[in-house]
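Each remark here refers to the structure printed beneath this line.
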Amino acid sequence: MEPTSSQDAPSLVKRLAGPSTGKAGLAQDQSDINRVIADASKGSKFYENEKKKDKELTKKIDHILLLRDKLTSEGDMQKIEAGLLKLEAQRDLSQTIVHFDLDSFFASVEVLSDPTLAGKPFAVGHSVISTASYEARKYGVRSGMATFIAKKLCPQLLMVDHGFSNYSEMSDKVMAICERYDPEMRPGGCDEGYLNITAYCAEHNISADACVEHLRSTVYAETKLTVSAGIAPNVMLAKICSDRNKPNGQFQLPFDSEAIVSFMRDLPIRRIPGIGRVSERLLESIGIKTCGDIYTHRATLSLMDKQFGLMHLLRVHLGIASNSVQPPQREERKSIGAERTFAPLGDKQKILQKLEEVCAELESDMEQTQWMGRTVTLKYKLNSFEVFTRAKSCNRWISKKEDLFAFQIGQELLLPELPLTIRLIGLRVTKLKDLRTSDTSTGIKRFFEPAGPSSPHKRRRVSPSHTEESDSDEPEVSSLDDVGAPASVSESKRSKPTSSRKHTKERQPSVECETHTCPVCEKKVSTENDSFNAHLDSCLSREAIRQAQAQASASPKQGNIWERWTKMAPGSSKKSRTSK
DNA sequence: GCGGATCAC
DNA sequence: TATGGTGATCCGC
């Protein structure tokens, strides 16, 4: 007999319902829906992993509560009040920020392609749902939900494949329209973005509300897509407001300190961008459910600053955040990667083949986008859904498949971990170097660049309060010296929970490939091919990982559908602009 | 610098 | 039967 979900902790039932649950305010039958989801998940590997994570979080909360109950001091209330005054003094109501959000974007585009879908419960996606139509949402179907579960909630649910090229085209159209209102607008993915319409409203002598009405009706006229928007003095508030009158509505917050704080008072903490399910639970455990509760519990928060981040929460409570909107800059990018999920594999050769495929994909992306990098991070997910990463830094710039896959990198990171049963493998490259000069010069690859930050672009803007000048300085690795240099590799770390890491060395540990130091027993071990790995294998205790059993695996599953789309998500939606 | 975790889309 | 991919950030070590 299967156990029933009534045995599940409430936190687990909620967790299984997915991350987007708490987002859109839903009806009272949410608990029925959650029950169906929990029952459908029951017994799966996914479920067991969620249960484990839920248990760990519960433990962490117990620890935090213990700490709280041991507090002796009452907290420096005067200091907090002073901090609040200081923050309040920084409040800037001079800029009008808009956040817009296309209503159920993928689904809306699909209706345009196939009008017979209108009014029906359907969802876009394959194994996992990207977007559900509003009719489907009534049944509890939400993005991120496994399709088979959605079908349980709504048996008549229609599934539609992604039409990425359509999404891309429509997204471009919408973004282009928005640029008329703010040439420096910032897309935040394919279906949303931020604008600063202060200048536009002044130049056209219209109110913010009228401006956004105009924008929304223009978008509808030119694309037949509806968009919701929020208007507020900063990006955080604008984003929150864009949800207020969704779909096809807009909401403006009064540009008034008192009104803002009172707006925040009853706002669930989960609505704050950056506060997800885990933070929500942590905060709730000490009695904070709304942003108003932050003020109520400010004394506790001040004493547990480390755990909760007092200043950030005080800003949230006051509704203070950045009011700067700037287009994404190419140099903001910090990593590029590729990963793939497949039917669980235990066979070494088959796993290596997956790794090779991921390498090929990543090489192609890096070539197209013109990046190289110095650090490679391997990611793998066990059949049990547990995720691990292993990283290695090099002294030369990596971008080619052979380099990524080579024994020196991808394989060296992966092989010592085997044997395992894996359902996902991925690689990510960081410490990037831009192969484009960002000017429009020719396509010549600039291998020879001054190490200095000779960024030829300066961003000028009629500026809001704070403008962070982040000047990313390259790691002092001369690309010139590295061209064609033989691979010299730092040691790969394999710190398990237990392994204590010393390495008092400063500087980069650019060790030559003679011997490695075993990170566990600290002995020097020859790196003659497999001997180092063999040593580690016998040296490390890997029960934590080992639990994965071999498993007959058959049907090679096809890859992902999101990829082409999500790759154009935040910064890369062809929006790299340089002002002269 | 590495690895785990959280978050957004 | 069955639960995605890309990228950022923060913390602890």
Side-chain angles (χ1 to χ4, degrees), chain A residues 16 18-20 23 37 40-41 43-47 49-50 53 56-57 60 101 105-106 125-131 143-152 162 187-193 239 272-282 306-307 309 312 328 332-343 358 361-362 365 374-375 377-379 381 385-393 413 423-424 426 428-431 475 490-497 499-503 505-509 519 554-555 557 559-572:
Chain A
L16 288 167
S20 47
K23 279 297 191 185
I37 296 171
S41 302
S44 66
K45 297 259 183 6
F46 180 84
Y47 168 89
N49 189 242
E50 292 297 298
K53 289 198 284 188
E56 282 166 5
L57 183 54
K60 182 173 177 182
D101 196 334
F105 178 49
F106 288 2
H126 268 164
S127 58
V128 170
I129 285 168
S130 294
T131 307
S143 61
M145 180 176 282
T147 302
F148 76 96
I149 290 186
K151 288 266 191 182
K152 287 218 155 87
H162 293 95
C190 52
D191 66 343
E192 61 170 90
K239 167 115 181 149
I272 303 301
I275 296 189
R277 288 186 294 167
V278 172
S279 304
E280 178 187 34
R281 253 196 91 189
L282 291 175
K306 185 92 167 259
Q307 283 77 18
H312 178 245
E332 288 173 19
R333 194 198 260 255
K334 299 204 170 40
S335 76
I336 178 168
E339 66 188 61
R340 180 143 311 204
T341 295
F342 38 80
V358 166
E361 219 181 290
L362 184 51
D365 292 345
R374 290 181 50 236
T375 299
T377 302
L378 169 81
K379 170 182 174 182
K381 190 189 285 182
F385 285 88
E386 293 163 290
V387 176
F388 299 87
T389 59
R390 294 291 178 264
K392 162 199 278 256
S393 296
L413 289 168
R423 76 187 325 276
L424 170 147
R428 178 161 297 276
V429 177
T430 51
K431 300 302 155 66
S490 78
E491 59 183 297
S492 125
K493 306 192 181 179
R494 308 188 24 157
S495 46
K496 282 281 97 135
S499 77
S500 70
R501 186 101 202 111
K502 46 127 229 197
H503 249 334
K505 290 192 198 299
E506 61 251 35
R507 266 11 244 101
Q508 339 197 50
S555 59
K557 238 188 174 150
N560 84 84
I561 310 89
W562 302 66
E563 170 196 337
R564 266 176 310 164
W565 178 255
T566 49
K567 267 175 190 167
M568 8 189 351
S572 57

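Below, each value reflects all heavy atoms present in this structure, side chains not excepted, and no hydrogens, waters or symmetry copies. Letters A, B, ... mirror the listed sequences (proteins, then strands); counts begin at 1.
- Separating the CE atom in A:M145 from the CD1 atom in A:I129 is a distance of 6.5 Å, to the nearest 0.5 Å.
- Here the nucleotide nearest the side chain of A:F388, chosen from C:dT6, C:dT3, B:dG4, is B:dG4.
- In the set B:dG4, C:dT3, B:dC2, B:dG4 carries the atom at the smallest distance from any side-chain atom of A:R390.
- Between A:H312 atom NE2 and B:dT6 atom P the separation is 17 Å, expressed in whole Å.
- In the set C:dT3, C:dG5, B:dC9, C:dT3 carries the atom at the smallest distance from any side-chain atom of A:V128.
- Whole-Å rounding puts the A:R428 CZ to C:dG5 C1' distance at 9 Å.
- Look at CG on A:L362: it is 9 Å from P on C:dT6, rounded to the nearest Å.
- Projected onto DNA chain C by closest heavy-atom contact, A:F385 and A:S335 fall at different nucleotides, the more 5' of which corresponds to A:F385.
- Contacts of A:Q307 with the nucleic acid, taken as non-hydrogen atoms under 4.0 Å apart, are absent.
- Residue-to-nucleotide proximity on DNA chain C shows that, of A:E332 and A:S44, the 5′-proximal contact is made by A:S44.
- Side chain of A:V278, nearest nucleotide from C:dA8, B:dC2, B:dC7: B:dC7.
- The side chain of A:K381 sits closest to C:dG4 out of C:dG4, B:dC9, C:dT3.
- You'll find that the side chain of A:K306 is closest to C:dG12, out of C:dT6, C:dG12, C:dT3.
- Separating the CE atom of A:M145 from the C1' atom of B:dC9 is a distance of 17 Å, rounded to the nearest angstrom.
- Here the nucleotide nearest the side chain of A:K431, chosen from C:dG5, C:dT3, B:dG1, is B:dG1.
- The side chain to side chain donor-acceptor pair (under 3.5 Å) check on A:Q307 picks up nothing, with sequence neighbours excluded.
- In the set B:dT6, C:dT9, C:dT3, C:dT9 carries the atom at the smallest distance from any side-chain atom of A:K334.
- Rounded to whole Å, the separation between the C1' atoms of C:dG4 and B:dC7 comes to 15 Å.
- The side chain of A:T377 contributes no N or O atom lying less than 4.0 Å from OP1 or OP2 of B:dG3.
- Rounded to a whole Å, the CG atom of A:N49 is 16 Å from the C1' atom of C:dA2.
- Side-chain proximity of A:R333 to the nucleotides B:dG1, C:dG7, B:dC9 is greatest for C:dG7.
- Residue contacts shown for A:I149 include a base, since a base heavy atom lies under 4.0 Å away.
- Among the protein residues, A:S279 comes within range of the sugar-phosphate backbone only, with heavy atoms under 4.0 Å from sugar or phosphate atoms but none that close to a base.
- Contact record, A:S41 with A:I149: OG-CD1, 3.5 Å, taken as the closest heavy-atom pair.
- Going from atom NZ of A:K392 over to atom C1' of B:dC2 covers 13 Å, rounded to whole Å.
- Nearer to the 5' terminus of DNA chain B, by closest-nucleotide assignment, is the contact made by A:K60 (compared with the other of A:E192 and A:K60).
- Backbone-only engagement by A:R277 is indicated by non-hydrogen atom pairs under 4.0 Å involving sugar-phosphate atoms exclusively.
- Protein atom CZ of A:R423 is 16 Å distant from nucleotide atom P of C:dT1, rounded to whole Å.
- For A:T389, whose side chain is taken as the heavy atoms from C-beta onward, the closest listed nucleotide among C:dT6, C:dG5, B:dG4 is B:dG4.
- With A:T375 contributing its side chain and A:K431 its backbone, the two residues share no donor-acceptor pair below 3.5 Å.
- Nucleic acid contact for A:S41: base, since at least one base atom lies under 4.0 Å from a heavy atom of the residue.
- With respect to the salt-bridge test (charged N to carboxylate O, under 4.0 angstrom), the residues A:E339 and A:K381 do not qualify.
- Partners of A:F385 under the ring pair (Phe, Tyr, Trp, His ring centres under 6.0 Å) rule, at least two apart in sequence or in another chain, are A:F46.
- Side chain of A:T147 to main chain of A:H126: a donor-acceptor pair is present (N/O by atom type, distance under 3.5 Å, no hydrogens or angles).
- For A:I336 and C:dG7, the CD1 to P distance is 6 Å, given to the nearest whole Å.
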